[in-house]
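Reading through the C-alpha cells given below for one structure.
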Amino acid sequence: MQGEDLGRQNCIVAQANGSPLWFITDNEDRTTEKLKSLGYQVTDRTVLTYRVKTGAQPRPLTGHWPPETVGDILAWQSTLDPRCRRKIHERIKEGERKKANGVLIVIESPLMTYGFVVLYDRQRPVKKSKLADRRDSIYGLKVMPISVVRIDDRYLAQRNMPKSKTLAGKNIAVVGCGTIGGYLSDMLVKAGAGTCGGKLTLVDFDYLLPQNIGRHRLGFPDLLSNKAEAMAKELKRLAPGAEIRALPVDVRQAQLGELDLLIDATGEESLGHWLCGRYPPPTPMLSVWIEGPGTAVRALLRTKASNACYRCLWHSNRRGELRSTIDPLPAILAGHGCEGLYVPFPASVSVHAASLGAEMTLDWVNGVYSPALRTRLIDRAQQLATPDCDPLRDRECPLCCS
C-alpha cells in the first residue's frame, strides 16, 4: 500500500514453495512486478480484502486457542471489541454475497496488525430454508491466521530513518553513472528515490569497459553496456516498484524537465561548470567528486543564488582558498602500453564519495543545507585545509557575478 486512499485495495494470492502468500495492494501492476522479481506465481485475484480498525490490543483467549473457525474468531473478538466483532461478521457475510473465493480480514490495532483468511466452501450446498442455517454455515468456515509484513516502498525506505523524510516523491537526476554515480544511485533508491510518484533519472552516454569494473557498482555481466541503462536495469531488479529512467545521451543534449534536485557525479570539472550555467538556481544542485588519487572526497550543495557554485570553488582554489588539503594534491597517474593514463584509487574511495553525496541528499530533503561544502579526508598523511563551511559565490565566477 503506497497511496493515501486506504479504501482502494486488492488481494493477490501467490504461491511460494507450496505455501500461499497474500499480498494487499493499491496497485496490482506494481505488486505483480515485485512478485515476478521474487519468482512467485500469482494463483488468485478474486479474494476480497477488508481492513478493520480497533482500539483494543489483542490477547489470546484462555480457553480455546488458537481460533480455528469463524465462530472462534467472532467469540474471541467479542471479548476484545464487540464493535470490531460486528464489522468482521458483516465483511465475511458480504464476501459470501459477492461470491468471492474468500476474504482476507486485516485488523489494525494499537499494538500490531494481524488478521486471518476465510475461504468459502462452494462445493457444499447451502440450505436456504432457515436464516440460522446460513449463519451456522458461516460460523463453521475454517480460518487461516496470518502474520503481516510490510513490503511497500515507503516502509522499506522509512524503516531506517523513522523521524526523517525520505526521497519518496522527489524528481531527482544523477548525471554520471560511473564509479561515484553507480554507488550513489543505489543508495538513493534505498532512501526512497523513484518511489511514491517520484522519479530517478540516470544520465550517461558512456559504456562499461573492462577497465571500469574494478571500482564500479556494476560488474562483468554488464560489460560493454551503456552505464545508465545497465544501472537502471540493476536498480529495477533491486527495487521493482521504483520509477527509474535511463538517458544514454550526453547531458548537454538531454531533456531533464523540472527537477527537485540535480546531482553531478561525473567528477569532470568542465562539465560541472557547464551544468552550473545550464541549471542555475532555483534548481538545487549537488556536485560530488574525488580529489587527487583518492586523497579526499568532496561535495558542494547549491540551493540559492547567493551560494557558491561548483565553478566558484574552482576560482577560489586558484587563489589557494577553500582547498581540501594543506599540501598540494599528489599527481599520480597509472596506465601503460596501449592503455590510456588514468588516476588510480580503489573502489572504497568511490563508496566514500557516494556516501557523502547520499548524506547531503538526505540532509537536503530534510531542509538541512549547511554546511554546503563538505570534505572527507581519505589519505591520513594529508592535513585538512578547509573545515566544512558555507562558501558564498565567488567574485570572479562568470556564472554567478557576470
Side-chain angles (χ1 to χ4, degrees), residues 30 33-34 36-37 153 156-157 166-168 170-196 198-257 259-268 271-272 275 279 285-290 297 299 342 345-362 365:
R30 183 187 66 235
E33 284 298 314
K34 289 185 176 183
K36 281 183 186 176
S37 73
D153 298 319
L156 296 179
T166 70
L167 302 178
K170 298 300 182 183
N171 191 4
I172 299 173
V174 176
V175 181
C177 297
T179 185
I180 299 175
Y183 292 108
L184 176 56
S185 59
D186 188 334
M187 294 178 189
L188 297 181
V189 168
K190 285 181 170 58
T195 65
C196 302
K199 183 191 296 182
L200 177 63
T201 301
L202 306 179
V203 188
D204 200 320
F205 68 90
D206 202 3
Y207 288 78
L208 187 73
L209 300 177
Q211 58 264 37
N212 302 141
I213 291 178
R215 60 186 187 196
H216 203 281
R217 169 60 180 76
L218 298 172
F220 201 84
D222 297 302
L223 190 64
L224 304 182
S225 300
N226 173 266
K227 292 178 181 178
E229 292 178 330
M231 201 64 226
K233 180 181 176 182
E234 173 68 1
L235 294 176
K236 285 291 288 181
R237 184 182 71 84
L238 299 174
E243 183 178 351
I244 301 167
R245 177 178 64 151
L247 292 180
V249 299
D250 189 318
V251 69
R252 287 167 288 197
Q253 279 77 52
Q255 299 296 324
L256 300 181
L259 296 173
D260 293 309
L261 179 66
L262 173 66
I263 301 177
D264 173 21
T266 64
E268 295 183 16
L271 184 58
L275 287 170
Y279 296 94
M285 180 173 167
L286 175 67
S287 303
V288 187
W289 68 98
I290 295 169
V297 296
Y342 65 96
F345 53 83
S348 58
V349 175
S350 307
V351 175
H352 276 291
S355 299
L356 179 59
E359 169 194 311
M360 293 186 69
T361 301
L362 286 171
V365 80

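In what follows, every heavy atom counts, from backbone to side chain, and hydrogens, waters and symmetry copies are set aside.
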State, yes or no, whether a side-chain contact exists between Phe345 and Ser350 at a heavy-atom distance under 4.5 Å.
yes
Any side-chain heavy atom of Thr195 sitting closer than 4.5 Å to one from Thr166?
no
Got a second to check how far Lys190's NZ is from Ser185's OG, nearest 0.5 Å?
9.5 Å
Separation between CG of Asp153 and CZ of Arg30, rounded to the nearest 0.5 Å:
6.5 Å
How far apart are the closest heavy atoms of Lys227 and Tyr207, and which atoms are they?
CE-O, 3.4 Å
Is there side-chain contact between Val251 and Leu275, with heavy atoms separated by less than 4.5 Å?
yes
Could you state the interatomic distance from OH (Tyr183) to CZ (Arg215), rounded to the nearest 0.5 Å?
10.0 Å
Considering non-hydrogen atoms only, spot the tightest contact between Ala228 and Ala246 and give its length.
O-CB, 3.6 Å
Sidechain N-carboxylate O distance under 4.0 Å for Glu33, Lys36:
yes
In this structure, SG of Cys196 is separated from CG of Leu167 (nearest 0.5 Å) by 11.0 Å
Can you find a heavy atom in the side chain of Met231 that is under 4.5 Å from one in the side chain of Asp204?
no
Here's a test for you: under side chain to side chain contact (heavy atoms under 4.5 Å, CB included), which of Leu286, Leu188, Leu261 qualifies with Val174?
Leu188
Does any N or O in the side chain of Asn226 come within less than 3.5 Å of the main-chain N or O of Asp206, such that one atom is a donor and the other an acceptor?
yes
State, yes or no, whether a side-chain contact exists between Leu218 and Ile213 at a heavy-atom distance under 4.5 Å.
no
Minimum heavy-atom distance Tyr279-Ala254, with the two atoms named:
OH-O, 4.4 Å
If you look at every heavy atom in Gly272 and Met285, which pair is closest and at what distance?
O-CE, 4.1 Å
Please determine whether side chain to side chain contact (heavy atoms under 4.5 Å, CB included) holds for the pair Asp186 and Leu238, giving the CA-CA distance in whole Å, both sets of side-chain angles, and the decisive distance to 0.1 Å.
CA-CA 9 Å; Asp186 188 334; Leu238 299 174; 4.2 Å; yes
Taking atom CD1 of Ile244 and atom CG of Leu202, what is their separation to the nearest 0.5 Å?
6.5 Å
Do the side chains of Val365 and Asp260 get nearer than 4.5 Å, heavy atoms only?
no
Above 12 or not: heavy atoms from other molecules or residues under 6.0 Å from NZ of Lys236?
yes
Heavy atoms of Val189 and Ala239 approach each other most closely as CG1-CB, 3.6 Å
Pair Leu208-Arg217, side chain to side chain contact (heavy atoms under 4.5 Å, CB included): steps then yes or no:
CA-CA 11 Å; Leu208 187 73; Arg217 169 60 180 76; over 6 Å; no
Can you tell if the side chain of Val297 reaches within under 4.5 Å of the side chain of Val288, non-hydrogen atoms only?
no
Please find the pair of heavy atoms, one from Ala265 and one from Leu184, that lie closest to each other, and give the distance.
CB-CD2, 4.5 Å
Give a yes or no answer on whether the side chain of His216 reaches the backbone of Cys177 with a donor-acceptor pair at less than 3.5 Å.
yes
How would you list all residue pairs meeting salt bridge (Lys or Arg N to Asp or Glu O under 4.0 Å) that involve residues 237-247, not counting sequence neighbours?
Glu234-Arg237
Report yes or no: does Lys170 contribute a side-chain atom to a donor-acceptor pair with the main-chain N or O of Ala193 at less than 3.5 Å?
no
Quick one: does Leu209's side chain get under 4.5 Å of Leu224's, heavy atoms only?
yes
Could you walk me through whether Thr179 and Asn212 pass the side chain to side chain contact (heavy atoms under 4.5 Å, CB included) check?
CA-CA 8 Å; Thr179 185; Asn212 302 141; over 6 Å; no
